[in-house]
Amino acid sequence: MLTVGGGRENVDVYFVLSAAPGDSVILTPLNDDGTAAGLAERVGRADLPASVEAAESNDGGPRPRWVWRDTATAYAPLLAAGVRVERCHDLRLSHAILRASSLTAETALARASVSQWDAAAPLQAPGAAGGAGAGTRAGAGAWEHTALFDLSAPQPGDDQTLASARAGAGETEFPGSEPGDARPGEARPGEFRPAEARPGETRPGDARPAETGTRTTATTTVTRTISANEADDLAEFRLQLDAISASPDPNRLRLLLAAESAGALIAAEMSHAGLPWREDVHDELLTELLGPRVAAGLRPERLERLAERIRVETGAAQLNPDSPADVLKALRNAGLTALTTRSWELEKLEHPAIAPLLEYKKLSRLLSANGWSWMEAWVTDGRFVPDYVPGGVVSGRWATRGGGALQLPKQVRRAVTADEGWMLVVADAAQLEPRILAGISGDAAMAGAGRGTDLYAGIVASGAVSTRAEAKVAMLGAMYGATTGESGRLLPRLARAYPTALAFVENAARAGGRGDVVTSRLGRSAPRPGEEWWEAQARAAEGAANDAELSRARQQARDWGRFTRNFVVQASAADWALCWMADLRRTLASFAPLAVPGRAAPPFDREPHLVFFLHDEVIVHTPAERADAVAAALRASAAVATRLLFGSFPIDVPLVVSIVASYADAA
DNA sequence: CGACCCTGCGCG
DNA sequence: AAAGCGCGCAGGGTCG
């Protein structure tokens, strides 16, 4: 059976999980500096959940950190078996961050050639989430990776030999480092962070994981055969540890990677649990708005009536209201000058066809995006199970693949309903991005404007602008790089009141315009512009470009500047949100199980668990009895995240928390 | 028929 | 070009 750290306490031990031939997995225990911590063990996949659970229990000792290529693929089968892990290190996500980060720019990892570690997230097998079934998903034919760890399936011929020497585990005490950030503030120690790695500290008998051959040491020598996968994983992990310790601020990156990996665990857990979804409520809502369900491809009654009215009012008997070109032609024939068929554009027009057209567009959108077909494809057994893609956006935001989980319209949120005896705790970080801007720029005036209050109201109170709406549009303009319109007009006033914050985003924009790399609070860097961009800039700088090319080059430089201007804010907000959720997850896991009737999938059937995340908002599904405690935990974790990012800088990120039966009732 | 782009709109 | 960031998705339309 697996043991961790020979019973020592306060030692981070990693278990690297690698696919091995014969439907098995190799677990290699490592110390936090990448040296061997014990003998590797081979476990059949069927027995893996039990082994993992045993290591997680460890009699009150430290929990291991699981190191694996891809959390979604590795963790889903564990969850399906009801087994949860506390911490992990996602090699692929970590690689992506370290590859791009300005903090690890000169490391071997950053200079390595493009490899399997730079590949996109593997696709999830339908139904891998466990709790809910596979369903019929659009594009299901594209699923490829169904096996456990098959990013590159092990070939028997690929095996090589490596000495894995048992180093004197247990001989030396390695207390964990202080918590992640250089300015940890009041953060609770020891949370979701890997302990300090110790470069240069090598003990006799340690085997470098990537070494081959047999090594005799003062203790024991073990020679065994390992798969190419295992060698790759160990080598990559070491490369990452080296890159981190070589960075100017290792703790910053350790925190980021721990939070990113925790996010991957959360995504897997949310897909396992699913978002509670009342199909009957959804169906009722659709029927009320659209008319009774009809076969896919047909228009429900209400839509058909609207389409007919539009045809009558425009005099276009054959009009297809789903075709923008058709609609445009019909409007012109009716004497209207419309350039596009966008709703906000049509709203300005005065004509009897406009009202039914706008209503048609609204309802038709509901039908195609979240109608019955969508429900059939994505909701199973009362759970909406989207496929989250942690790290799917360069800023660190998540993406989704299918299901449109990040665009759940307010129209259908009524269907998101807690199980009987359970509640939803919905929490939203109010005005997160401008607050993050105040934090990263160190703008005390802006931070002060938001302390304990609505930030936009605080900006109004400072006298910079006169209404909340103005404050909001001006702030958004500052973060997005508005140059014209109301937003552009208000910017100078904002800049006078908050010069530090405005200078910060201005600098980020200038850096981007030069092609320089910008970086989030915790160390996630934006990509550099592509080859084409550089070529255009070079031609412009050499004076080789004609007027059109010159203005295009300048335009591209401004565009990239707007991207980097926004990146520093958006990516730092994503840093914060990941820390928030990671800390929350740890707290929720510590709640005593509660025997309540419910339909939540084990291991979450007796305790609060995250079911939804959207940039600055989360939903926790909880036994009703625990709802208040969950609300308190959400606030506490927000405070932890704020301290982890900003230390003692006097800033707060207040939450708007609602305890509701239905998502539609959240504030 | 699929691959691809465009339009439009949902979310933050 | 709604004034400016980041996304995903569906449907129409075109091309090969």
Side-chain angles (χ1 to χ4, degrees), chain A residues 137-139 141-142 296-297 299 319-329 338-348 357-358 360-371 373-374 377-378 386-389 391-413 428-434 436-437 472-491 505 508-509 512 518 520 526-527 555 558-574 576-577 612-618 663:
Chain A
R137 293 179 190 181
R299 282 198 187 94
L319 172 70
N320 172 12
D322 291 320
S323 162
D326 245 25
V327 170
L328 218 46
K329 209 188 315 164
L339 296 173
T340 76
T341 64
R342 288 169 206 155
S343 292
W344 58 263
E345 206 52 86
L346 297 178
E347 274 164 20
K348 296 187 284 195
L357 186 51
L358 290 172
Y360 178 91
K361 287 166 77 79
K362 186 84 185 161
L363 294 177
S364 148
R365 165 82 193 182
L366 171 66
L367 176 67
S368 70
N370 298 99
S373 311
W374 176 89
W378 295 100
D387 188 4
Y388 296 101
V389 188
V393 182
V394 289
S395 65
R397 279 183 170 187
W398 293 8
T400 54
R401 202 159 28 196
L406 303 189
Q407 35 185 132
L408 261 195
K410 297 209 158 84
Q411 244 176 338
V412 301
R413 293 185 180 180
D428 180 295
Q431 305 107 36
L432 179 61
E433 292 200 346
I436 292 297
L437 171 55
K472 184 173 178 176
V473 77
M475 272 304 320
L476 291 176
M479 294 185 297
Y480 294 164
T483 52
T484 62
E486 191 193 6
S487 186
R489 192 168 50 72
L490 290 167
L491 275 182
V505 284
V518 298
S520 79
Q555 178 66 41
R558 279 194 302 273
D559 289 349
W560 200 260
R562 274 197 310 280
F563 164 63
T564 54
R565 168 198 294 270
N566 184 252
F567 180 94
V568 294
V569 179
Q570 187 183 113
S572 299
W576 183 93
F612 192 65
F613 168 52
L614 184 54
H615 309 321
D616 59 359
E617 180 181 348
V618 302
Y663 188 18

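The sequence lines fix the lettering, A, B, ..., with proteins before strands; numbering per chain opens at 1.
- For C/dG11, neither phosphate oxygen OP1 nor OP2 lies less than 4.0 angstrom from any side-chain nitrogen or oxygen of A/S364.
- Of the residues in residues 404-412 of chain A, A/L406, A/Q407, A/L408, A/P409, A/K410 come within less than 4.0 Å of DNA chain B through at least one heavy atom, sorted by number.
- The separation between A/N320 atom CG and C/dG13 atom C1' is 12 Å, rounded to whole Å.
- Comparing C/dC9, C/dA3, C/dG11 by their nearest atom to the side chain of A/T484 picks out C/dA3.
- Of the possible polar contacts, none joining the A/T341 side chain to the A/L328 backbone as a donor-acceptor pair under 3.5 Å is found.
- Of the candidate nucleotides C/dG4, C/dC7, C/dG6, C/dC7 has the atom lying nearest to any side-chain atom of A/A399.
- Here the side chain of A/T564 pairs a donor or acceptor atom with the backbone of A/G561 at under 3.5 angstrom.
- Nearest nucleotide to the side chain of A/Q570, out of C/dC7, C/dC5, C/dA2: C/dC5.
- The nucleotide range of DNA chain B contacted by chain A, defined by atoms under 4.0 angstrom from heavy atoms of the protein and reported 5' to 3', is B/dG8 to B/dG12.
- Place A/W344 and A/N566 on DNA chain C by their nearest nucleotides, and A/W344 ends up nearer the 5' end.
- Secondary-structure annotation of DNA chain C gives the stems B:1-12 with C:5-16, with a stem taken as at least 3 successive Watson-Crick or G-U pairs whose two distances both fall under 3.5 Å.
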What protein N or O atoms touch nucleotides 14-16 of chain C N or O atoms at under 3.5 angstrom, if any, and at what distances?
none

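- Using a 4.0 Å cut-off, some side-chain N or O of A/R342 falls inside it from OP1 or OP2 of C/dA1.
- With hydrogens and angles ignored, the 3.5 Å screen pairs no side-chain donor or acceptor of A/D387 with any backbone N or O of A/G402.
- Looking at heavy-atom distances under 4.0 Å, A/G403 makes contact with sugar-phosphate atoms alone, never a base.
- Remark: side-chain polar atoms of A/W398 are not paired, donor with acceptor, to backbone N or O of A/G392 under 3.5 angstrom.
- Partners of A/D322 by salt bridge (charged side-chain N to carboxylate O under 4.0 Å, His left out), not counting sequence neighbours, listed by chain and number: A/R299.
- In this view, A/F612 satisfies the ring-ring contact (aromatic ring centres under 6.0 Å, His included) rule with no residue, not counting sequence neighbours.
- Inter-residue side-chain proximity for A/M479 and A/L437 is flagged as met; some heavy-atom pair is nearer than 4.5 Å.
- One finds a salt bridge joining A/E433 and A/R397 here, because a Lys/Arg side-chain nitrogen approaches an Asp/Glu carboxylate oxygen to under 4.0 Å.
- Taking atom P on both B/dT7 and C/dA1, the two are 7 Å apart, rounded to the nearest angstrom.
- Protein atom CE of A/M475 is 20 Å distant from nucleotide atom P of C/dA3, rounded to whole Å.
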